Amino acid sequence: MGTAQLKDVIIKPDAPSSLLLDKHADYIAAYGSKKDDYEYTLSEYLRMSGIYWGLTVMDLMGQLHRMNRQEIVDFIKACQHECGGISASIGHDPHLLYTLSAVQILCLYDSLDAIDVDKVVEYVKGLQQEDGSFAGDKWGEIDTRFSFCAVATLALLGKMDTINVDRAVEFVLSCMNFDGGFGCRPGSESHAGQIYCCTGFLSLTGQLHQLNADLLGWWLCERQLPSGGLNGRPEKLPDVCYSWWVLASLKIIGRIHWIDKAKLQRFILACQDEETGGFADRPGDMVDPFHTLFGVAGLSLLGDEAIKPVNPVLCMPEDVLQRVGLQPDLLS
Amino acid sequence: MHGRVKVKTTAQQEEEKRKEREKKLKVYVAARDACFSKRKDGVFDDEALQLTQQLLSANPDFATLWNYRREILTHLETVKDEDEAQKIYEAELSFLESCLKVNPKSYGSWHHRGWVSARLPRSNWARELSLCDRCLSLDDRNFHCWDYRRMVVKMSSVPVKQELEFTDRLIGSNFSNYSSWHYRSTLLPLLHPGSPEPPPSRCGGDPPHSCSPPSPQTHFHRVCEEQLLKEYELVQNAFFTDPNDQSAWFYYRWLLGRAEREEMISCAYVSREQERVAVTFSRPVNAQSGSLLLVLDGQPQRVEWRSVHPHFKHSPVWISDLPPGTISDIANEHNLTVHWTEKHTHRDCALYTGRSESWCRDTATDLELFRSELSVEKTSVLQSELQSVNQLQELEPLNKWCLLTIILLMRALDPLGYEKETLAHFQTLKEVDSMRSAYYSDLCSKFMIENTILKMEYAEVRVFSISDRNLTTLCHLDQLLLVTHINLSSNQLRRLPPQFAMLQCLEVVEADNNSIENLEGVYHLPKLEEVSLKNNKISTLADLQPLASCPKLRRLDLRGNPVTQTANVESELAELLPSVADLLL
């Protein structure tokens, strides 16, 4: 049978070791203009989230002014459907994922009045099921990601009391596993992305005390591999986006110090592309805005002073949330 | 977006690639626009199916197109008979299978397949299960497939035993099997339930069948002991065969865990001098929701409950003040009852004449506070396991899983008896797995605190002393409500956290020689008189603010802290802490 091989990467000695903020800002600023690019077009189905990733990382780097605010706000307006939900792009169908991204963007720009907020609330409320779970849209896919999207959206709008919070909490807790983690649905395997959504959800609903923070914290700190990078679950390769999902979860449950900070920092920096700017999932791969945001956000959580403090629950700059008046609980 | 290696190419290669992509893009955009246009016109024909098929084959995450396809299929169902509908849906399943072959991790494809399977006039769940078998044989960590399998199992009532056997096969033949062990953890409580009681309802007053099933994390103890012991053997085989197979070690830790505590009021305390009642619950609660009732000498009292610190809306410890004069006369005897109405449980506390304070604690918790009750059989099994893992550790000295598991086994068997060995193993662990040394330090601190609590219980004293133990964190503070003297000196603590405010009976704090810079938890401690914080990291007067809330504080030792270098520190402190007559700087 042989022994299990530990999956990991090796960081080359010439990998980037300092933060190239200017290059990343240039990369993101230019990204939107790639409208004739195949990859760009293929990812139209998530455009609203793509914009949220780009704007958030620019704001964290103090470069939000380089983006086209009016164009984006108009785009969001055009994406709100009659039912109140918001789609990823024009002509696409509404979904909770993109409704949250849109609301997050409008918060960054302090322009929530661009959309019909009451309709958004109605849309979100309408997606809650009997058992407290949330469907992503009218087609009924259930996932704890959507529980997070629902409460995060409503929290930003100050309208959490419109849903059955107790039921929603019950459902999320029913997804807690033997290892203290969470999956998509009851019975699903623990996964760092889902754990982020569920701990974020429990923070927003004031229910963090229901977690087993020591057990979950252990599972999360075991995501760190010899390269210093973090994976999303046992026996998987490290990926810079887990510097966010795992790290933010640890921050929320008060155990971020269980990660070796210096080694993680080294891994994240090694994921930069010195030529093009931006971050890739692992050293040497192709960059994209998604990994760029989570690389920068991860560094912010680790305390990098060149980056604005980021909120671990909502992945938005803390100063934006201060303006909105939202200060979700964290365990100490 | 994931796993795409950056490949360097020549200028000519770049140009060729660019032209090719431009062509691809044109085709894609044309198809997309045609789709959107047809849908806008409400067209649900074959061409629409063709176009969406073309696009989804290349891009199964384009969710809106799956939506459109569902609209088309739904429409077709209304104009075709059952046999034709069956054919159409089966063709859809065929198309989906080809999509999944290319990208087995698309949420959209799996969801659509589930939608189609449920709509088939003549469903074939056996085929779906077989699809899962095949998919998992290629990648048994594909959670989309596992989730789909769980749905199929539910829809077609596959026996739990059969699924358990499926995990047996997978675990026996493969390494990357965390998903299988996880699945087992959900199946065991269903097949081998332990306790005959109904699961504690989280659903309020709803009838049991509408509750979601209890989650394995909290209800594993509902696996009967016979099965549990079999499970130990199974896991042991796994990690002995491959000591680097993490999943088995994770699963084993779960098996060693303790049962969830019974929900109750674990302690009720009353003080004549403070005219106050303090209550400890077995878990954090929100007593302000009206579920806590205080009855004094048969009379319900209108009191307000507050948690020990404004940080906590949910807390294990709650306090209320009694109306002045009700219990202050030491010549009177009183009987108190605290009712936790939500859980139909209560605790009585008798305050005798001549006594200034009284309490009542749950005695069962003294012994099984930190670990589960062990039957004779289980003890013997765990003892032999400890022996085996020790042997394994000798063969694999750098294997951190062995070391950690040995510690956990020792904790389960005899926490006090194995204290020395436990400390030694933690030292080794921190060397072998240095990335997680902060975790091990905190875990070791937790275990040392548990041992100190146990020793304190046995000695029946109210002094909690744990110095020179490399403590990096404080926990179980909810167990220290009755403690009058605490000594935390010569450790590595950075703060006395808000939870510290649960130590409502505290009179003396000694916490010299730490790295304390935060005193948030020294907050409204009504009996606190002396605090010693020599050689810590208290740097500003603001850090000392919480102390001002302790009315009886009269002695404070701050020698060896940076704050003593602040300008006018003596007069500032005289103003901040007027009750402190004995100030050492």
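Any value given below was found using the heavy atoms of this structure, including those in side chains, with hydrogens, waters and symmetry copies removed. Treat the numbers as computed from the prediction; the structure is a model and nothing was measured.
Cation-pi geometry between B:R436 and A:W218 is not met: the NZ or CZ atom fails to fall both under 6.0 Å from the ring centre and inside 45° of the normal. Both tests hold for A:R145 against B:Y107: distance to the six-membered ring centre under 6.0 Å, angle to the ring axis within 45°.
Here the shortest heavy-atom pairing between A:W258 and B:D442 reads NE1-OD2, 2.8 Å. Closest approach of B:S179 to A:R233, counting heavy atoms only: OG-NH1, 4.1 Å.
For chain B, the option among A:R255, A:R282, A:E44 with the highest count of heavy-atom pairs below 4.5 Å is A:E44. Ranked by heavy-atom pairs shorter than 4.5 Å toward chain B, the options A:Q224, A:H257, A:K263 are led by A:Q224. Between chain B and the options A:D260, A:L237, A:L46, A:D214, heavy-atom pairs under 4.5 Å are most frequent for A:D260.
Residue contact with chain B, scored on non-hydrogen atoms closer than 4.5 Å, involves the side chain of A:D143 exclusively. If you measure heavy-atom distances from B:H2 to chain A, the contacts under 4.5 Å come from both the backbone and the side chain. Neither the backbone nor the side chain of A:K261 has a heavy atom closer than 4.5 Å to any heavy atom of chain B. Of the two parts of B:K154, neither the backbone nor the side chain holds a non-hydrogen atom closer than 4.5 Å to a non-hydrogen atom of chain A. Interface remark: B:R32 contributes side-chain atoms only to the contact with chain A (heavy atom separation under 4.5 Å). For A:H95, no part sits under 4.5 Å from any heavy atom of chain B, backbone or side chain. Interface remark: A:D137 contributes side-chain atoms only to the contact with chain B (heavy atom separation under 4.5 Å). Heavy-atom distances place no part of A:E130 under 4.5 Å from chain B, backbone and side chain included. If you measure heavy-atom distances from B:P284 to chain A, the contacts under 4.5 Å come from both the backbone and the side chain.
Interatomic distance, B:Q246 CD to A:E222 CD, rounded to the nearest 0.5 Å: 7.0 Å. For the atom pair SG (A:C184) and NE2 (B:H144), the distance works out to 7.0 Å, reported to the nearest 0.5 Å. Of the inter-residue distances, the one linking A:S188 atom OG with B:W146 atom CH2 reads 12.0 Å to the nearest 0.5 angstrom. Separating the NZ atom in A:K138 from the CZ atom in B:R70 is a distance of 10.0 Å, to the nearest 0.5 Å. The CG atom of A:L42 sits 10.0 Å away from atom CZ of B:R21, with the distance rounded to the nearest 0.5 Å.
Taking the six-membered ring wherever Trp is involved, the centroid distance between the rings of A:H209 and B:F312 does not fall below 6.0 Å. For an aromatic pair to be called close, the ring centres must be under 6.0 Å apart, and A:H92 with B:F36 satisfies this.
One finds no salt bridge joining A:D37 and B:R18 here, because no Lys/Arg side-chain nitrogen approaches an Asp/Glu carboxylate oxygen to under 4.0 Å.
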Notebook entry, point to check: Would B:K24 and A:E39 count as a salt bridge (Lys or Arg N to Asp or Glu O under 4.0 Å) if you check the C-alpha gap in whole Å, the side-chain angles of each, and the deciding distance to 0.1 Å?
Noted result: CA-CA 11 Å; B:K24 252 174 130 177; A:E39 305 300 333; over 6 Å; no
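Scored by the ring-ring contact (aromatic ring centres under 6.0 Å, His included) test, B:Y68 finds no partners at all (sequence neighbours excluded). Remark: A:P238 pairs with A:D8, A:V9, A:L225, A:S227, A:F267 by the side chain to side chain contact (heavy atoms under 4.5 Å, CB included) rule, at least two apart or across chains.
A donor-acceptor distance shorter than 3.5 angstrom exists from the side chain of B:T64 to the backbone of A:D93, with no hydrogens or angles considered.
Paired with B:K6 under the rule salt bridge (Lys or Arg N to Asp or Glu O under 4.0 Å), one option of A:D281, A:D285, A:D273 passes, and it is A:D273.
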